[in-house]
Amino acid sequence: MQFDMLLEEIISKSNLHLAYDRVVGNKGAAGVDNIGFSDFSEQVQTEWLLIKSQLEQGKYRPKAVKRVKIPKSNGGIRLLGIPTYMDRLIQQAISQVLVKLYDPDFSENSYGFRAAKNAHQALEKAKEYINAGYSHVVDLDLEQFFDRVNHDYLMNELSKNIDDKRVLKLIHSILRADIEDDGKLVHCKQGVPQGGPLSPLLSNIILDKLDKELERRGHRFVRYADDCSIYVKSKRAGDRVMESISAYLEKELKLKVNVEKSVVTRPWLTRLLGFTFYHKKGSKGITVHRKSIVIYKDKIRGITCRRKPSTMEDRMMQIRQLNQGWGNYFKLSDAKTVFGELDEWVRSRVRLCYWVQWRQVKTRVKQLEKLGVKPYQAYQWGNTRKGYWRTVHSPILTRSLNNAFLKKQGLLSLKEIVAPKAVYV
DNA sequence: CTCGAGATCAC
RNA sequence: GUUGUGAUCUCGAG
């Protein structure tokens, strides 16, 4: 499986067309040349022939990547390297061809960045291992994996399968592209740019070596990008594996293992792909990690924030949209009780939100006065402004806020999304 | 099946 | 302002 004409396949019309559609379709931010998706077609028309000939002669040099820092959910900072649209097009074109070459040979236990593979399959596999008695887990954490990839090692690996020297040279120049940070150019000596379309594939090409080594040693493991969990039967075996695999990674793959974050523990103490494992009264399963629930609650709090002026319909729409997104995610969980509690929590937030709609409360009060009912308690709550919704018990007001009302507003509950009724067509 | 708009997650 | 790959869902157009 060696291709002499790899470059020709990369810059073939059909391949480039696919790559172009993808890159423009993403509508991502512009690179250092400030050419965004609206200007890109023009740039392609004027410059492509020149760039194509440069590629064919192996003379093309990518532009610098734009350094962007984004906060991570755990408080850290993620460094992105954003190539220009043209470089993204080229990388995407390379990626599409190399995936066909490499992906079929990747390990069964590798689930990240791969077509037709997802986190749920990884979790199912992990559950299988745990149920088979592999009750300890070696959690390997690689230190800033993307930023520390060894160029020489990677190029050496690639040259084993790729014969076309121009392609190798092109990839090497992509790896070495300068980084523009605050207007200053920095040379890149190691790492793959996080944000380049080719980077995920390159990461899998490197870590496939780890997969093959683990398989050779007969380990049960699951890998999702740089997140690798090995399942063993005892703490002692785990310590031994941790020791030898760390040594292998540093010596062979030139990668550093984060000793503080790499541990050997029990499955229910780990966080794998946003989930964790539980075993209560003999029943075992997968459930969403506490952190994820906190994130979801924060999102709901944001929508039902009292300070933010927003109509009820608008909030309902936002919650509905959020719920159908999270519903999918929660579907992967085995735990049933979590949703009920979470759903009731959301509904109470919505009720609270409704109460704070001053106009609506006032008009309701007027309606009630017309009917001859004295909405004493509702009025009092409105004046004090700091009541929990439950402190108000005016029967007429609360009746309109029950579940039927929420349903009429179109707010599907989490439970309904996670376990929808069967629909017969 | 393929594209659009929106959303969620993993890394 | 925030890139990328992969997965998923809702709606819409063919």
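First the proteins, then the strands, lettered A, B, ... as listed; each starts at 1. Below, all heavy atoms of this structure are taken into account, side chains as well, without hydrogens, waters or symmetry copies.
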(message) Checking contacts here: which listed nucleotide (dC11(B), A7(C), dA10(B)) is nearest the side-chain heavy atoms of N118(A)?
(response) A7(C)
(request) State, without any angle test, whether Y129(A) and S229(A) hold a side-chain donor-acceptor pair at a distance under 3.5 Å. (result) no
(message) With heavy-atom distances below 4.5 Å as the criterion, would you say the side chains of Y248(A) and R217(A) are in contact?
(response) yes
(request) Give the nucleotide from the list G4(C), dC9(B), U3(C) with an atom nearest to the side chain of A29(A). (result) U3(C)
(request) Figure out the CZ/C1' separation between F106(A) and U5(C), and round it to whole Å. (result) 12 Å
(message) Distance check needed: U3(C) P versus F113(A) CZ, whole Å only.
(response) 16 Å
(message) In the structure I gave you, are the side-chain heavy atoms of D39(A) and Y85(A) within less than 4.5 Å of one another anywhere?
(response) no
Between the protein and nucleotides 5-8 of chain B, list the N/O to N/O atom pairs that are separated by less than 3.5 angstrom.
{"unit_1": "dA5(B)", "atom_1": "OP1", "unit_2": "K27(A)", "atom_2": "NZ", "d": "2.3"}
{"unit_1": "dT8(B)", "atom_1": "O3'", "unit_2": "W326(A)", "atom_2": "NE1", "d": "3.3"}

(message) I need the CG-P distance between L198(A) and U3(C), as an integer number of Å.
(response) 18 Å
(request) Would you check if there is a donor-acceptor pair between the side chains of T84(A) and D87(A) at a distance under 3.5 Å? (result) yes
(message) Closest approach to the side chain of I70(A), judged atom by atom: which nucleotide of G4(C), dA10(B), U3(C) is it?
(response) U3(C)
(request) Could you tell me whether Q121(A) contacts a base, only the sugar-phosphate backbone, or nothing, with contacts defined as non-hydrogen atoms closer than 4.0 Å? (result) nothing
(request) Take atom CZ of R114(A) and atom C1' of G4(C), then tell me their distance rounded to the nearest Å. (result) 18 Å
(message) Using a heavy-atom cut-off of 4.0 Å across all strands, would you classify K69(A) as base, sugar-phosphate, or nothing?
(response) nothing
(request) Would you tell me whether R271(A) and T276(A) have side-chain atoms, one donor and one acceptor, within less than 3.5 Å of each other? (result) no
(request) May I ask you to say what I82(A) touches in the nucleic acid, namely base, sugar-phosphate or nothing, with a heavy-atom cut-off under 4.0 Å? (result) sugar-phosphate
(request) State whether the side chain of D178(A) and the backbone N or O of A64(A) hold a donor-acceptor pair below 3.5 Å, judged by distance alone. (result) no
(request) Nearest whole angstrom, please: distance from the C1' of dA10(B) to the NZ of K72(A). (result) 14 Å
(message) Could you check whether Y224(A) and N118(A), counting side-chain N and O atoms only, form a donor-acceptor pair closer than 3.5 Å?
(response) no
(message) Could you check whether any side-chain heavy atom of L158(A) comes within less than 4.5 Å of a side-chain heavy atom of Y102(A), counting everything from C-beta outward?
(response) yes
(message) What I'd like to find out is whether the side chain of Y60(A) reaches to under 4.5 Å of the side chain of K52(A), using heavy atoms alone.
(response) no
(request) Using a 4.0 Å heavy-atom cut-off across all strands, classify G196(A) as base, sugar-phosphate, or nothing. (result) sugar-phosphate
(request) Using heavy atoms to find the nearest nucleotide of RNA chain C for F146(A) and A119(A) separately, return the residue whose nucleotide is more 5′. (result) F146(A)
(request) Tell me the partner of U2(C), counting only Watson-Crick (N1-N3 plus N6-O4 or O6-N4) or G-U wobble (N1-O2 and O6-N3) with both under 3.5 Å; none if nothing fits. (result) none
(request) Calculate the interatomic distance between I94(A) atom CD1 and G4(C) atom C1'; express it in whole Å. (result) 15 Å
(message) Heavy atoms only, 4.0 Å cut-off, all strands: where does R22(A) land among base, sugar-phosphate and nothing?
(response) sugar-phosphate
(request) In whole angstrom, give the distance that lies between atom CZ of F37(A) and atom C1' of dG4(B). (result) 13 Å
(message) Are the side chains of R240(A) and E243(A) in contact, using a 4.5 Å heavy-atom criterion?
(response) no
(request) Give one of base, sugar-phosphate or nothing for D21(A), where a contact means two heavy atoms less than 4.0 Å apart. (result) nothing
(request) Name the nucleic acid region contacted by A115(A), choosing base, sugar-phosphate or nothing; use a 4.0 angstrom heavy-atom cut-off, strictly under. (result) sugar-phosphate
(request) Using the closest heavy atom to pick a nucleotide of DNA chain B for each, name whichever of Y224(A) or L18(A) lands nearer the 5' end. (result) L18(A)
(request) Quick one: label A122(A) by what it contacts on the DNA or RNA (base, sugar-phosphate, nothing), any heavy atom closer than 4.0 Å. (result) nothing
(message) Which nucleotide, if any, forms a Watson-Crick or G-U wobble pair with dC3(B), using both distances under 3.5 Å?
(response) G12(C)
(message) Are K127(A) and K284(A) packed together at the side-chain level, in the sense that at least one heavy-atom pair is separated by less than 4.5 angstrom?
(response) no
(request) Specify the separation, in whole Å, of atom CG of N26(A) and atom C1' of dC3(B). (result) 14 Å
(request) Name every residue in residues 269-279 of chain A that has at least one heavy atom under 4.0 Å from any atom of RNA chain C, in order of residue number, or write none if there are no such residues. (result) none
